[in-house]
Amino acid sequence: MEKNKFYITTPLYYVNASPHIGHSYTTIAADCLSRFMRAQLGKDNVFFLTGTDEHGQKVQKAADAGGMSPQEFADQTVSHFKSLWEKLGISYDYFIRTTDKKHVDFVSRVLEIVYEKGDIYEDEYEGLYCTPCEAFWTKMQAGDSLCPDCKRPVELIKEKNYFFKLAKYQDWLIDHIKKNPEFIKPEIRRNEVLSFLSLNKLDDLCISRPKERLGWGIPLPFSSGHVTYVWFDALVNYISAVGDFNNKGEYSSRWWPADVQLIGKDILRQHAVYWPIMLKALGVELPKTIFAHGWWMLGDSKMSKSRGNVVNPLDMAEKYGIDTYRYFLLRDVPFGLDGNFSEEAIIKRYNSDLANDLGNLVYRTLTMIEKYYQGKIPEPGPRDEKTKEIYNKIASLPEKIKIALADYNFGLALEEIWALINLANKHVEETKPWNLAKENRAGELQSFIRLLADVIKKVSEVLYPFMPDTAEAIKAQFGETEIKKGKPLFPRIET
RNA sequence: CGCGGGGUGGAGCAGCUUGGUAGCUCGUCAGGCUCAUAACCUGAAGGCCAGAGGUUCAAAUCCUCUCCCCGCAACCA
C-alpha cells in the first residue's frame, strides 16, 4: 500500500436483490481504507470504485416477475444501493453500472481483443438443463437427474457456444500465485486456490449464452446470436471504469492495477482464477492483492433470503447509529474470518467500547474542562515521566494503525486506538484530578487536563476512517481553545 | 481414505511456525474512587487447552490415531 496512488474496488453487486449486511461489510471496509489512504496520499491520489452488475438471467427473471424491463428493474435496485451508501457515509469516487454505455463498449472491445488473439473459440456445449429454472447443472449437482432447485427432471441438451481458454493459462496462474504471496489474501484463501488449481484441471469457460435463452446481456461482437456470460462482463468493470484501450489494443490507466480488490469468499474463484487469466489474455497487469473476507452468520446458519434471516443494514444503522454499525463490523471479527451477527453483540460492543470507554472518557474530560477551566482548554503544563510516556503513545499511534491496516487488520487498528483510550481512563484514576484541584496543585492539574484533551484530539483524528461522524462530533466538541460539551456521544443502552 | 478450516475457564477469541509460569475481551463476584453515561480503576473466582497414544528433562504447542463441528467440490453473481 505504499506508492503514490491507491486504487481499491468492491465487487459489483448483483442487482437481483436488495443490499444486505454482506454488501455493506465489504463496502464499509473499502470506505475505511479509502479514507485512511486519502489522509496518507492526498485526496486526489485515491480511487474507490463500487457499482452494480446488472446483466444476466436472474435479473431478467426478477424483472419479468415484477412486470418491468430489466433496465427499469436494475434502475430501481441501483437506487436502493446508492441511497444505502449515502446513508452509511460511503465515500466512493465512482459508481459503475455494467449497463453504462462505456462499459458495454469496453466489454465488446475486450471480447474482440481476446477473440483476435485466439483465446476464444466456438464449440458445442453439452449439459444437463432444467427448462423451468433455466439453469444448467453439473453431473455432480444433478446426480439423480433431478434439478437440485426444483426437483424436476433435467434433460441433456447441446448448444453452440463460445469458450474462453482458461486451461491454457493454468500453469502460468499457479506460478504467479506462488511467486506473489500478496496476490491472494488471507493466506487460507491463497492455499485454497492453490490447492484447487493444483488438484484439478481447469475446463475452458463458457462465456456466451444463446440469445433465445437469455436476451439481457452484452452482445458478442463476433456472433449476433449470443450475449456475454455475466461474469465475463462484470469482472471487466475494474478496468473499464478507470482506463481505455488504444487502437492497438493496449490498455492504459492512471489507476490500474488495483492496489486491492475486496471480495467476499463466495466469489473467490471468479476473482482469483477467471479474472487474472482474463487480464493475462488481454495483456493487462494483474491487481496487486485480492482480499477475500469472511461471512456474517446469523446464529449457526448462513444468511440467506430463502431462510428469511437477512439483516437489513439500514435498519441496524438507524437503530444503533451508522458509526456504531461500522465500528461493530470492523471491530468484532477479524477481517477474513466468518463472524456471528446479532443485535446483542452490537449492544455489547456499543456499551463497553463506545459508551463506557470512548464516550465516557470524552464526557468526563469535557466536564473537567468546564469545571476547572471554565470551558477553555488549558495550555500545556510541565510534564512528568508518566505524562511524557503518554505523549509518546499519542505520537506513535498513527504508525501502529498504518501497520495494522497495511495488513487489512481493522480490528487490531481499533484495538490500538482503544489501548490509548483505556490508558487515559486509567491515568485519570491514578492522577486523581479532583484532589489536585482541592490541593491547589494548578500546574499538575493543567498539564493533566491538557494531556487528556490532546489524547482525545488524536483519537478523533485516527478514528476518522472508521467512524467519520464520531470523529467530526468530537472535533466539534474540542475546539482550538474552547470546548462545547453537549450531550454524551454514546448514551448507554439499557438492556 | 476428495480438499480445507476449526474444537482452549460461562460466551467470543489469541497462543501452536521457532516446545519450558495458559493470555485477551465480555460476563460473574469483592473492593476503591467520584471528574464521568450505576460509567472509571484495582483485585478475585473459574480451564486436566475435544479424546487416546507417542517423542522429550519438558507439549495447548511436534508425531500418530479417534470423535465432533463448519466450509468448498467448477458454466446457477
Side-chain angles (χ1 to χ4, degrees), chain A residues 11-17 52-59 98 125 127 129-130 133-138 140-141 147-149 161 163-164 166 188-189 191-196 198-209 229-235 263-270 273-274 294-295 297 300 302 331-334 337-340 344-345 348-349 351-372 411 415 418 422 424-437 448-449 452 487-494:
Chain A
L12 289 203
Y13 303 120
Y14 202 55
V15 295
N16 73 330
T52 44
D53 176 9
E54 307 183 11
H55 292 121
Q57 182 176 281
K58 285 192 171 180
V59 173
T98 55
Y125 180 78
Y129 189 70
C130 173
C133 291
E134 297 177 31
F136 274 103
W137 301 100
T138 60
M140 190 99 67
Q141 289 166 315
C147 170
D149 235 20
N161 265 313
F163 290 80
F164 172 54
L166 276 190
I188 167 185
R189 304 269 93 99
N191 293 340
E192 204 174 293
V193 173
L194 221 38
S195 85
F196 166 74
S198 311
L199 293 169
N200 300 278
K201 215 172 156 349
L202 284 177
D203 282 339
D204 289 341
L205 182 68
C206 179
I207 56 151
S208 67
R209 297 291 181 272
Y229 168 49
V230 278
W231 271 110
F232 199 93
D233 156 5
L235 287 165
I263 59 170
K265 67 176 186 178
D266 48 333
I267 50 175
L268 181 62
R269 177 153 310 147
Q270 288 82 350
V273 180
Y274 303 166
W295 275 339
M297 320 286 274
D300 291 328
K302 190 171 140 185
R331 172 68 182 81
D332 208 55
V333 168
L337 300 185
D338 290 351
N340 276 299
E344 291 72 41
K348 215 165 169 181
R349 279 287 169 202
N351 276 340
S352 71
D353 298 359
L354 300 180
N356 297 355
D357 295 343
L358 173 61
N360 186 49
L361 174 66
V362 169
Y363 202 66
R364 71 201 301 201
T365 302
L366 288 168
T367 304
M368 286 189 269
I369 294 175
E370 202 163 62
K371 186 163 179 175
Y372 301 133
E415 277 175 43
W418 256 256
N422 292 334
N425 271 326
K426 190 180 291 191
H427 187 56
V428 175
E429 243 32 68
E430 286 164 356
T431 310
K432 304 193 196 320
W434 47 93
N435 287 345
L436 296 182
F448 166 79
I449 298 289
L452 286 188
K487 293 248 159 61
L489 291 169
F490 301 98
R492 263 186 82 85
I493 298 172
E494 299 306 331

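Throughout, a chain's letter reflects where its sequence line sits, starting with A, and its residues are numbered from 1.
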Please give the distance between the [atom1] atoms of [N] and [M] as a whole number of Å.
N: B:A73; M: B:C3; atom1: P; result: 16 Å
N: B:C29; M: B:A22; atom1: C1'; result: 22 Å
N: B:G9; M: B:C48; atom1: P; result: 9 Å

Any side-chain N or O of [X] below 4.0 angstrom from OP1/OP2 of [N]?
X: A:Y14; N: B:C76; result: no
X: A:R492; N: B:A39; result: yes
X: A:W434; N: B:C35; result: no

Within the sub-3.5 Å range, which N or O atoms of nucleotides 8-17 of chain B have a protein N or O partner, and how far apart are they?
none

Counting heavy atoms from C-beta on, name the nucleotide in [options] closest to the side chain of [X].
X: A:K58; options: B:C76, B:A74, B:C40; value: B:C76
X: A:E429; options: B:C41, B:U25, B:U37; value: B:C41
X: A:Y363; options: B:A36, B:U34, B:A39; value: B:A36
X: A:M368; options: B:A39, B:C35, B:C72; value: B:C35

Given the rule in the side-chain contact (heavy atoms from CB on, under 4.5 Å) test, do A:F163 and A:D203 qualify, once you have shown the distances and angles that lead to the verdict?
CA-CA 10 Å; A:F163 290 80; A:D203 282 339; over 6 Å; no
With nearest nucleotide decided by heavy atoms, which residue, A:N422 or A:L358, maps closer to the 5′ end of RNA chain B?
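First, find each residue's nearest nucleotide; the 5'-ward one identifies A:L358.
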A:K265 vs A:I188, nearer the 5' end of RNA chain B by closest nucleotide:
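Looking at the nearest nucleotide for each, A:I188 comes out on the 5' side.
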Within the structure shown, what part of the strands sits under 4.0 Å from [X] by heavy-atom distance: base, sugar-phosphate, or nothing?
X: A:V230; answer: sugar-phosphate
X: A:F163; answer: nothing
X: A:N425; answer: sugar-phosphate
X: A:P433; answer: nothing
X: A:N356; answer: sugar-phosphate

How many Å lie between [atom1] on [X] and [atom2] on [N], as a whole number?
X: A:K487; N: B:A39; atom1: NZ; atom2: P; value: 21 Å
X: A:H427; N: B:U42; atom1: NE2; atom2: P; value: 14 Å
X: A:E192; N: B:A73; atom1: CD; atom2: C1'; value: 10 Å
X: A:N435; N: B:U34; atom1: CG; atom2: P; value: 7 Å
X: A:D266; N: B:C72; atom1: CG; atom2: P; value: 9 Å

Where A:L452 and A:L361 come nearest, the two heavy atoms and their spacing
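The answer is CD2-CD1, 4.5 Å.
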